[in-house]
Amino acid sequence: MNDRLNSGALSRSPFEQKVLLPPSTSDWRKCFSIPLELDPHGAVHNLVGGDMGNILASARDPVFWVHHANIDRLWTVWTKMVRHANPKDAGWKQRTFTYDQAGDMKQTAGAAVDSEGALGYRYDGEKPLPAFQPAVIAAATIQSEAPMSLPGPTANSPLATVATAKPVTLGSSSVAVDLKLPQSAQTQLHSLATAGAPTGPGAITAAWLVLDDVAIGADGKDAAPASTSWQRYQTASRDRGRSK
């Protein structure tokens, strides 16, 4: 289990979106549900790792239930923000979902997202989130306006690689890679992310995470087509986090 998670690593950017579902497949970022599905929902699963990083075993981890309760709460918080609301059309509100293996526990989407009115509970923290703050950047390559004082062959270059990772093979379980950034680079990147691009000699003005030699294996080639994946995302966005 990864117990070194940084409180600034999760993005609040989905809360800037004013609609739950995207206007089209290509505009999936222009909504609340799918970005939230990726981060913080999926990101926490992957960052915790272990059973939490395996979709078939994640519910075995007690953290799963705390995490999904918080996803519920975040969805509720989003609905309480100005001009934010769940879809009002009957097709969305009346769609039925099954919540148990026997198929006896069923609930409509409209009722499942109404925690207080339909389910009889509310969260302590339902106030709208404060102004959006960018996530802390984790990067392997940095660029400065002037040469940086770094050891190695890149010491006199404005472009320097500060950390690298060994080759990684992805499978069906979560994989976390620690780039082991030097403390000085962490501090400068944090400043860049929270205060904007600084000025002055040696100041970091941009950062990149570079992925080299990416290859798709047999499992990836057999993956479902994009249209099927989109339908799964769409279903997840309507049901995500409300299962009890």
Side-chain angles (χ1 to χ4, degrees), residues 1-16 29 34-55 58 61-64 66-67 70-71 74 129-217 219-220:
M1 177 177 179
N2 187 347
D3 59 358
R4 296 177 295 167
L5 305 185
N6 188 307
S7 60
L10 300 180
S11 173
R12 290 182 176 178
S13 59
F15 290 87
E16 298 296 296
R29 292 179 180 85
I34 297 177
L36 186 78
E37 172 74 19
L38 301 176
D39 182 2
H41 174 247
V44 169
H45 277 279
N46 292 331
L47 290 170
V48 172
D51 282 346
M52 271 287 284
N54 185 337
I55 192 172
S58 58
D61 192 326
V63 173
F64 172 93
V66 178
H67 174 47
N70 189 48
I71 294 297
L74 292 176
L129 294 179
F132 166 66
Q133 296 293 329
V136 174
I137 297 176
T141 305
I142 56 179
Q143 182 180 14
S144 64
E145 294 178 343
M148 300 184 63
S149 178
L150 292 174
T154 60
N156 295 319
S157 170
L159 184 65
T161 299
V162 295
T164 59
K166 296 180 179 180
V168 175
T169 300
L170 301 179
S172 59
S173 299
S174 172
V175 176
V177 177
D178 187 350
L179 293 176
K180 301 186 184 301
L181 292 172
Q183 184 58 50
S184 60
Q186 293 184 39
T187 300
Q188 293 181 71
L189 287 169
H190 184 273
S191 177
L192 172 64
T194 57
T199 59
I204 299 174
T205 59
W208 293 269
L209 174 64
V210 180
L211 303 178
D212 288 330
D213 300 324
V214 177
I216 299 177
D219 291 341

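Remember, predicted model here, so these are calculated numbers, not experimental data.
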What one should report as the nearest heavy-atom pair of F15 and L74 is CE2-O, 3.4 Å

P40 versus I71, closest heavy-atom pair with distance
CG-CD1, 4.2 Å

Please determine whether side-chain contact (heavy atoms from CB on, under 4.5 Å) holds for the pair F64 and D51, giving the CA-CA distance in whole Å, both sets of side-chain angles, and the decisive distance to 0.1 Å.
CA-CA 9 Å; F64 172 93; D51 282 346; over 6 Å; no

Interatomic distance, N46 atom CG to N54 atom CG [nearest 0.5 angstrom]
10.5 Å

Donor-acceptor under 3.5 Å (H45 side chain, G53 main chain)
no

